[in-house]
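Residues: numbered from 1 along the sequence shown. Every heavy atom of this structure was used, including side-chain atoms; hydrogens, water molecules and symmetry mates were not.
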Amino acid sequence: MPKVKLQTDNIKECLIVSHGKLVKSDLNYILKFIKPRKALFIIACDGASEFLKASSITPDVIIGDLDSIKPAVLKYFSRKNVVIKKVYDQNKNDLEKAIIYALSKKFKHINIIGFGGKRLDHTLNNLSILKKFYLKADIRIFDNGFEGKIINRIVEIDCRIGDTVSLIPLPEAAGITTSGLKYPLKNGSLEIGIREGALNEAVAEKVSVEIKSGVLLVLNKST
């Protein structure tokens, strides 16, 4: 397999295609991110490569323990000089391996699709991984029409009126103040098993969420 030198010095942003439930609408995310193509670096998690091949999209790197990728797909991308990185570590799933790789390449903005949807245990594990690394870069997930990120201070979201906005504590957050939501919070608290902030609604085109302590997953979905 030929060695390929990756040029990432001038690229600030990458897209990780995780091996979750990938559907046709996910192509819209990919196409959004790869225009212009030179501005983005694509990392595929092992089995997600089959989806990319079927979509005629070539990643820059395929990473994982390579137990999910079909030999024909592996051969196809090898011929296209895609870098294949086999990382065997049973303590880390392929998404974590991809995030670690992205951080090693100094990416400051990491976008993830295929985050969940296939197995509940994998989805929950991915959420734990997201929390593990959210301070290392601006990491955003895109899944089933939702866009989300973990915060520990403040975030502003561009919305359309009527969009769904959910605030999920991980596992708790306090001093939460929001603006632009139908059901606002002012110095409020959320905690898993006690009170969550799911299925709120945007009443303005810009929503602000600020917290004083804890960690919060902020998700928004267009209507």
Side-chain angles (χ1 to χ4, degrees), residues 12-16 18 20-21 29 91-100 102-104 106-223:
K12 306 296 183 183
E13 188 170 7
C14 75
L15 173 66
I16 294 175
S18 186
K21 185 178 180 180
Y29 290 131
N91 294 315
K92 297 178 177 65
N93 72 7
D94 290 342
L95 176 60
E96 184 168 2
K97 294 169 187 174
I99 292 175
I100 291 171
L103 293 173
S104 76
K106 310 300 182 184
F107 289 113
K108 300 299 183 184
H109 303 279
I110 300 173
N111 308 285
I112 303 171
I113 66 169
F115 185 82
K118 276 193 173 181
R119 286 177 47 174
L120 180 59
D121 54 350
H122 282 178
T123 302
L124 293 173
N125 190 38
N126 284 347
L127 186 58
S128 176
I129 291 166
L130 191 66
K131 185 179 178 183
K132 185 186 297 186
F133 292 102
Y134 83 100
L135 291 175
K136 302 290 187 180
D138 176 23
I139 303 178
R140 297 174 184 267
I141 59 173
F142 299 84
D143 193 276
N144 195 30
F146 279 92
E147 176 180 348
K149 70 173 295 180
I150 291 178
I151 67 165
N152 66 350
R153 287 294 178 266
I154 187 170
V155 68
E156 286 190 341
I157 308 167
D158 292 322
C159 294
R160 294 185 300 182
I161 294 173
D163 281 2
T164 298
V165 179
S166 292
L167 312 177
I168 310 298
L170 296 174
E172 57 186 313
I176 306 169
T177 298
T178 67
S179 65
L181 291 177
K182 184 176 182 179
Y183 306 106
L185 287 169
K186 186 173 182 180
N187 201 34
S189 297
L190 298 174
E191 183 178 351
I192 289 290
I194 304 296
R195 184 192 184 196
E196 295 81 32
L199 301 178
N200 212 322
E201 183 179 322
V203 293
E205 292 183 347
K206 191 172 289 292
V207 169
S208 173
V209 182
E210 183 175 7
I211 69 175
K212 292 181 180 177
S213 64
V215 178
L216 200 63
L217 173 63
V218 180
L219 297 161
N220 69 287
K221 183 176 184 179
S222 297
T223 52

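Distance alone, capped at 3.5 Å, places no donor-acceptor pair between the Asn200 side chain and the Leu181 backbone. Between the Asn93 side chain and the Glu96 main chain, a donor and an acceptor come within less than 3.5 Å of each other. For the pair Asn111 (side chain) and Ile16 (backbone), a donor-acceptor distance under 3.5 Å is absent. Checking side-chain atoms of Lys131 against main-chain N and O of Leu170 turns up a donor-acceptor pair under 3.5 Å. A side-chain donor-acceptor contact under 3.5 Å links Ser166 to the backbone of Leu199.
To the nearest 0.5 angstrom, Asn152 atom CG is 3.5 Å from Tyr134 atom OH. Interatomic distance, Ile151 CD1 to Ile157 CD1, rounded to the nearest 0.5 Å: 8.0 Å. Distance CZ/Arg195 to CD/Glu172: 14.0 Å, rounded to 0.5 Å. Residue Ser179 holds its OG atom at 11.5 Å from CG of Leu185, rounded to the nearest 0.5 Å. From Asp138, atom CG reaches atom CD1 of Ile150 across 12.0 Å, with rounding to the nearest 0.5 Å.
What you find for Ile110 and Ala102 is that their closest heavy atoms are CD1-CB, 3.8 Å. Nearest heavy-atom pair, Lys221 versus Gly145, reported as atom, atom and distance to 0.1 Å: CG-O, 3.5 Å. Of all non-hydrogen atoms in Thr123 and Gly116, the two that sit nearest each other are OG1-CA, 3.4 Å. The heavy-atom pair separating Lys182 from Pro184 by the smallest distance is O-CD, 3.3 Å. For the residue pair Asn220 and Asp158, the shortest heavy atom distance occurs at ND2-O, 4.5 Å. Nearest heavy atoms, Ser189 versus Gly175: OG-N, 4.4 Å.
No side-chain heavy atom of Leu216 sits less than 4.5 Å from a side-chain heavy atom of Val155. The side-chain heavy atoms of Ile192 and Ile168, taken from C-beta on, include a pair separated by under 4.5 Å. Residues Lys97 and Ile100 fail the side-chain proximity criterion, which asks for heavy atoms closer than 4.5 Å. Residues Phe115 and Asn144 have side chains not in contact (no heavy-atom distance under 4.5 Å, counting atoms from C-beta outward). Here the side chains of Leu219 and Ile141 are in contact, with some heavy-atom distance below 4.5 Å. Contact check for Asp163 versus Val207: no side-chain heavy atoms found under the 4.5 Å cut-off. In this structure, the side chains of Leu190 and Glu196 stay at 4.5 Å or more apart for every pair of heavy atoms.
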Practice prompt. Please assess Thr178 against Tyr183 for the test side chain to side chain contact (heavy atoms under 4.5 Å, CB included), listing each intermediate value before the final yes or no.
Written response: CA-CA 9 Å; Thr178 67; Tyr183 306 106; over 6 Å; no
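Counted within 6.0 Å of CD on Glu205, heavy atoms from surrounding residues, nucleotides or ligands total 12 or fewer; the atom is thus considered open. Residue Lys21 places its NZ atom among 12 or fewer non-hydrogen atoms of other residues, nucleotides or ligands, all under 6.0 Å distant.
Evaluated for a side-chain contact (heavy atoms from CB on, under 4.5 Å) with Lys212, the options Ile176, Asn187, Thr177 yield exactly one hit, Asn187. Screening Ile99, Ile113, Ile129, Leu95 against Ser18 for a side-chain contact (heavy atoms from CB on, under 4.5 Å) leaves a single residue, Leu95.
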